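No experiment lies behind these values; they were computed from the predicted model shown.
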Amino acid sequence: MKALSGADPKSWVFQWYTHWVRGDSDKLIELTNFFGDADNPAKDLANLMWSSCQPHGSGMSPYNFLPWHRACLHYFEEIVRHVSGVKEFNLPYWDYTVDGVLPEEFRRPGDPLWGVLYVDERRASVNTGASITTASVNLNALRNPGYYESATRLGFNNEIDGGIHGAVHVNVGTTQNMGSVDFAGRDPIFWLHHCNIDRLWAAWNQAGRANPTDAGWTDVKHVFADKDGNRVEATNGKVSNLTDVGYSYDTLPPVPSAQAAELTVIAQAVQPLARNAETVKLGQDVTTASLAPLSPAATATLGALGDARLLLIMDGVTASAQPGTVFDVYGKVGSRSPDKGVYLGSVNFFDAVPLGQQAAKPKRLVFDVTDALGQANVQLTQIDVFTYYFVPVDPVAAGSDPVIQRVELVRETAPSGG
């Protein structure tokens, strides 16, 4: 595939560009580079396919993230079989929640068989066998009972996209590789990563969680190339069931049950308790976000939490360039150091930076603070719920300017009998 011209839909470059065209060029330039000024069917197909990864483009729906990538994997796998002549080839997945070390086959530069899978632009530590599994590489999204976003909850699709999916991209690559939307498809590990994300979707479905059935989602069309390089269309609905796509996974991770409050997210009562007064600007050092109670009753409300849930909501997560790290978020516990508090979740900026001529698309994240407290066996009275620490896991790229516009603590209550 790498030996084929980028004008061939079955080539590595053409498939990379389907995700997004390289960031040191642009789509029009690359179309001219490979096809010249004359029109032809392959150029028309490239114009439709290139830079079509959902949901990064302007006007794209975030809810197409999972089905677009599943369809992309399906047709890519068929092309690999056709080009290689290995009819039994199946795309493998990388289960980094079990083993975060990049598979050895991807770490052999110059190897006559496996060397083609090596990419120098990854993090040096990743290419030498360091694990990418940090706190941010977790399966928390599997507990989300709904596909769509609600007033407070992200929904499974958005949570897996903005969470473990983005964190793995950042933990593996640089801005010339997996760490950036426009170079991610360049790395062969991209396909194994997305196979695992697809596998998590399959696990979520097997647990009885339902995909959307409205025509506004099921009828959305995406254009790809088949094994012969010809145009083919796939709809969200066509690929939402693995049986219809024609493949399955050998094992699926267990999916935890949702709590009662999470099952009633459509009809929940939401009470904002506190929020930040100034933009949270993240940097090399630990950043402290102090929230101001919105009313004198906020503190008293926390003391009588009962069956309610505490959610930490972050809106306006953007950066002027990829920071090259995730930021772990901790709740303050007594006099403990920031990274010894209660781990609540992680913030990554994989898809929250400018892309080509597009401005950064603000990202939204939601952490269930109540669950984190229970898992850490910390009583609510022991934590300062108005103070949060943002701790960079790796050095922050100069000039990236990562910020969070709004940090808000809300109380979510299930309706009576919910």
If you look only at distance, which donor and acceptor atoms sit under 3.5 Å apart when one is on a side chain in residues 73-80 and the other is two or more places apart or in another chain?
unit_1	atom_1	unit_2	atom_2	d
E77	OE1	R81	NH2	3.1
E77	OE2	L91	N	2.7

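With contacts defined as side-chain heavy-atom distances shorter than 4.5 Å, the pair F327/V393 does not qualify. The shortest distance between side-chain heavy atoms of V101 and R107 falls below 4.5 Å. When side chains are defined from C-beta on, L139 counts as touching P253, because their heavy atoms get closer than 4.5 Å. In this structure, E233 and V223 have side chains that are in contact, with non-hydrogen atoms separated by less than 4.5 Å. Between R364 and N158 there is no side-chain heavy-atom pair separated by less than 4.5 Å. For the pair L192/Y93, no side-chain contact is recorded, criterion being any heavy-atom separation below 4.5 Å from C-beta on. The shortest distance between side-chain heavy atoms of L312 and L310 does not fall below 4.5 Å. Side chains of D351 and D161 form a contact here, defined as non-hydrogen atoms less than 4.5 Å apart.
Side-chain N or O atoms of R123 include one that pairs as donor or acceptor with a backbone N or O of N171 at under 3.5 Å. The backbone N or O of V21 sits nowhere less than 3.5 Å from a side-chain atom of K27 that would complete a donor-acceptor pair. The backbone N or O of V116 lies less than 3.5 Å from a partner atom in the side chain of K2, making a donor-acceptor pair. With hydrogens and angles ignored, the 3.5 Å screen pairs no side-chain donor or acceptor of R108 with any backbone N or O of W114. In this structure a side-chain-to-backbone donor-acceptor pair under 3.5 Å is present from K363 to N348. At distances below 3.5 Å, not a single donor-acceptor pair connects side-chain atoms of K10 with backbone N or O atoms of A225. Proximity of a side-chain donor or acceptor of Y118 to a complementary backbone N or O of N127 within less than 3.5 Å is not detected. Proximity of a side-chain donor or acceptor of N138 to a complementary backbone N or O of I164 within less than 3.5 Å is not detected. For the pair N236 (side chain) and W217 (backbone), a donor-acceptor distance under 3.5 Å is present. Judged by distance alone, the side chain of R209 and the main-chain N or O of N144 form a donor-acceptor pair under 3.5 Å.
Around atom CD of Q358, more than 12 heavy atoms belonging to other residues, nucleotides or ligands sit under 6.0 Å away. Heavy-atom contacts from other residues, nucleotides or ligands closer than 6.0 Å to CG of D37 number 12 or fewer.
For the residue pair P55 and S61, the shortest heavy atom distance occurs at CB-O, 3.3 Å. When all heavy atoms are compared, the tightest approach of P62 to N157 is O-ND2, 2.7 Å. Closest of all the heavy-atom pairs between A71 and V239 is CB-CG1, 4.1 Å. The heavy-atom pair separating A184 from H19 by the smallest distance is CB-CE1, 4.0 Å. Nearest heavy-atom pair across D315 and I313 is OD2-CG2, 3.9 Å. Taking all atoms of both residues into account, the shortest heavy-atom contact from V391 to P338 is CG2-CB, 4.3 Å.
Residue pairs meeting the side-chain hydrogen bond (donor to acceptor under 3.5 Å, both in side chains) criterion with at least one partner in residues 273-282, sequence neighbours excluded, are R275-E408, T279-Q405.
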query = Yes or no on side chain to side chain contact (heavy atoms under 4.5 Å, CB included) for D219 and T235, after CA distance, side-chain angles and deciding distance?
reply = CA-CA 6 Å; D219 295 352; T235 64; 5.7 Å; no

task = Evaluate side chain to side chain contact (heavy atoms under 4.5 Å, CB included) for V317 paired with F349, printing each intermediate quantity in order.
result = CA-CA 7 Å; V317 177; F349 292 80; 3.4 Å; yes

key: Verdict with reasoning, V172 to F190, per side chain to side chain contact (heavy atoms under 4.5 Å, CB included)   = CA-CA 10 Å; V172 169; F190 168 88; over 6 Å; no

ask   = What's the verdict on side chain to side chain contact (heavy atoms under 4.5 Å, CB included) for L66 and I160, showing C-alpha distance, side-chain angles and the deciding distance?
value = CA-CA 9 Å; L66 288 170; I160 202 168; 4.2 Å; yes

key: Worked verdict on Q322 versus S180 for side-chain hydrogen bond (donor to acceptor under 3.5 Å, both in side chains)   = CA-CA 7 Å; Q322 178 54 246; S180 181; over 6 Å; no

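Side-chain atoms of Y147 and N211 form no donor-acceptor pair, as typed in the model, at a separation below 3.5 Å. A side-chain donor from one of S25 and E30 sits under 3.5 Å from a side-chain acceptor of the other.
Rounded to the nearest 0.5 angstrom, R70 CZ and R199 CZ are separated by 13.0 Å. With values rounded to the nearest 0.5 angstrom, D339 atom CG is found 9.0 Å from D328 atom CG. To the nearest 0.5 Å, atoms CD1 (I29) and CZ (F34) are separated by 12.5 Å. Between the NZ atom of K332 and the OG1 atom of T387 there is a distance of 5.0 Å, given to the nearest 0.5 Å. For the atom pair CG of N47 and CZ of F35, the computed distance is 9.5 Å after rounding to the nearest 0.5 Å. Here CZ of R406 is found 11.0 Å from CE of M314. Values are rounded to the nearest 0.5 Å.
For S11, the side chain to side chain contact (heavy atoms under 4.5 Å, CB included) criterion is met by L4, D8, V13, F14, not counting sequence neighbours. Partners of F367 under the ring-ring contact (aromatic ring centres under 6.0 Å, His included) rule, at least two apart in sequence or in another chain, do not exist in this structure. With sequence neighbours left out, the ring-ring contact (aromatic ring centres under 6.0 Å, His included) criterion links W20 to no other residue. Taking Y330 as the reference, Y343 meet the ring-ring contact (aromatic ring centres under 6.0 Å, His included) condition, with sequence neighbours excluded.
The aromatic rings of W204 and F156 sit parallel to each other, their planes meeting at less than 30°, with 60° as the upper class boundary. The aromatic rings of H165 and H193 sit parallel to each other, their planes meeting at less than 30°, with 60° as the upper class boundary.
Exactly one residue among D187, T128, N177 makes a side chain to side chain donor-acceptor pair (under 3.5 Å) with R122. That residue is D187.
Residues W201 and Y249 keep their aromatic ring centres 6.0 Å or farther apart. Aromatic ring centres of H169 and H194: separated by under 6.0 Å.
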